[in-house]
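So the structure is just underneath, and the comments pick up after that.
This one's a predicted model, so the numbers in the text were calculated from it and none came from an experiment. Here is the naming used below: chain letters follow the sequence lines, and residue numbers restart at 1 for every chain.
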Amino acid sequence: MREIWTMVHGMGFGALFLLFFSGAIFELYRATSGTALQTTPNQRRWLEIYLFGMAALAWLTVLTGAYVIYPWYRAVPPAGTTNLALFSQRLLLANPGTAGWHSIGMEWKEYVAWFAPIAMTMVAVVYRKYGDQLRNHRQMRTALLSFVCVAFLSAAIAGFFGAMLARVAPVQGGRTLQLMRQPQ
Amino acid sequence: MNPWGKANETKTNGSASAALLASGIGCFTLAALAFAADKSAALKLQLIFYRPTGPLSGVTSVALAIWIILWLVLDGRWKNRSIALGRITQISISLLVLALLLTFPPFADLLPPH
């Protein structure tokens with residue numbers, strides 16, 4: 001169950017959000033650039049769906065991360081526990097060589113990731129309201145593109161540390177997920 | 001009229017300004033609360049809204065509530081007005097950069113506890 005949720009959170013919602021980024025920045029720039037041709041209502045609707053889809057992915061990523069996976073990560077082991085494999089945070093902190101993955105990686109990731117859904121929701125709502133008129137508001141367009149970039153940066157930071165933490169101290173307790181067995 | 005039969009009425013930039021400023025303040029509030037909770041054990045306890053998630057639950061819930069309420073209030077006040085968007089953009093992006101820095105633990109550790 002832990003492996004599945006970790007994959008849904010990171011490889012599903014989080015990775016999809018990062019993959020959608022280049023499309024969002026390109027389409028947003030193209031559709032609102034001063035030299036662009038008029039977009040059709042259909043094109044506008046698809047870009048709205050795309051941006052709201054990205055916002056939804058960002059929300060799903062942070063909510064599954066905070067309320068499904070993070071409680072497993074920070075679980076406190078019962079007194080006397082010697083095998084910390086299922087207690088990722090304690091496992092990392094038990095060794096000075098890996099403590100930084102928690103004190104820098106997880107502590108940054110757990111908060112910075114939330115900038116992505118906030119920024120993408122704002123961008124999607126403003127595009128829905130203004131649409132093609134963004135080409136008449138150059139500063140507004142620049143601000144929106146900057147927020148999309150910050151959303152990407154924060155998701156990329158969270159994604160990088162998430163991927164590294166999953167290698168160093170996986171929440172499923174270090175078992176390997178074997179895809180194929182070598183023939184005997 | 002545009003080619004799709006809709007009037008080309010130019011909207012004021014008030015709604016966009018409200019959205020930009022609220023999201024900048026929302027992100028900064030989240031970072032500031034995370035920083036404050038890290039420095040104050042009492043606040044950290046107060047921000048535990050859901051025990052398995054710890055203070056992250058309170059920090060994010062409070063920041064999201066402030067973001068949404070501020071957005072609604074500013075939009076209500078500014079939606080029919082033209083705002084100095086350049087200044088709003090500068091403030092919002094500065095808050096966003098500060099928020100990014102404040103959530104970075106080595107930077108937050110450089111700052112004094114109070």
Inset, instruction - Start with the C-alpha gap between A:L153 and B:L100, add the side-chain angles, then the distance that decides, and say whether side chain to side chain contact (heavy atoms under 4.5 Å, CB included) holds. - result: CA-CA 10 Å; A:L153 178 66; B:L100 272 171; 3.8 Å; yes
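Nearest heavy-atom pair across A:R74 and B:P55 is NH2-CD, 4.1 Å. Nearest heavy atom pair, residue A:M140 against residue B:N13, reads CE-CB, 3.6 Å. Annotation for A:H137 and B:K11: closest pair NE2-O, 3.4 Å, computed over non-hydrogen atoms.
Neither the backbone nor the side chain of B:A108 comes within contact range of chain A, judged by heavy atoms closer than 4.5 Å. If you measure heavy-atom distances from B:T60 to chain A, the contacts under 4.5 Å come from the side chain alone. Only the side chain of B:V59 comes within less than 4.5 Å of a heavy atom in chain A; its backbone stays farther off. For B:L64, the part lying under 4.5 angstrom from a heavy atom of chain A is the side chain only. No part of B:S17 comes within reach of chain A, as not one of its non-hydrogen atoms sits under 4.5 angstrom from that chain. Of the atoms belonging to A:A119, not a single heavy atom falls under 4.5 Å from chain B. The part of A:S103 that comes within reach of chain B is its backbone (N, CA, C, O), which places non-hydrogen atoms under 4.5 angstrom from that chain.
Screening B:S92, B:S23, B:C27 for a side-chain contact (heavy atoms from CB on, under 4.5 Å) with A:M122, the sole residue that qualifies is B:S23.
Residues A:I118 and B:W71 form no side-chain contact, since every pair of their non-hydrogen atoms from C-beta on lies 4.5 Å or further apart. Residues B:I93 and A:F147 have side chains in contact (heavy-atom distance under 4.5 Å, counting atoms from C-beta outward). Side-chain contact check for B:P52 versus A:Y67: every heavy-atom pair is 4.5 Å or farther apart.
Criterion: ILVMFWY side-chain heavy atoms under 4.5 Å apart, direct or through other members. Under it, B:I68 and B:I66 are part of a common hydrophobic cluster. Transitive grouping of hydrophobic side chains (ILVMFWY, heavy atoms separated by less than 4.5 Å) brings A:L16 and A:L28 into a common cluster. Under the 4.5 Å side-chain heavy-atom criterion for Ile, Leu, Val, Met, Phe, Trp and Tyr, A:F17 and A:M11 are members of distinct hydrophobic clusters. Both B:L21 and B:L72 are members of a single hydrophobic cluster when ILVMFWY side chains are connected at heavy-atom separations under 4.5 Å. Placement of A:L93 and A:M164 in two distinct hydrophobic clusters is found when ILVMFWY residues are connected by side-chain heavy-atom separations under 4.5 Å, directly or transitively.
From A:Q133, atom CD reaches atom OG1 of B:T12 across 9.5 Å, with rounding to the nearest 0.5 Å. Here B:K79 contributes atom NZ and A:K129 contributes atom NZ; the two are 7.0 Å apart, rounded to the nearest 0.5 Å. The OH atom of A:Y70 lies 13.0 Å from the OH atom of B:Y50; values are rounded to the nearest 0.5 Å. Here B:F28 contributes atom CZ and A:F115 contributes atom CZ; the two are 10.0 Å apart, rounded to the nearest 0.5 Å. Atoms CZ and CD1, on B:F104 and A:I104 in that order, are 6.0 Å from each other to the nearest 0.5 Å.
More than 12 heavy atoms of other residues, nucleotides or ligands shown are found within 6.0 angstrom of CH2 on A:W59. Atom CG of B:L110 has more than 12 neighbouring heavy atoms from other residues, nucleotides or ligands inside a 6.0 Å radius.
Side chain of A:Y130 to main chain of B:A16: a donor-acceptor pair is present (N/O by atom type, distance under 3.5 Å, no hydrogens or angles).
At a cut-off of 3.5 Å, with distance as the only test, a side-chain donor of A:W108 or B:T103 sits close to an acceptor on the other residue.
Chosen from B:D38, B:L56, B:T89, the residue pairing most often with chain A at heavy-atom distances under 4.5 Å is B:L56.
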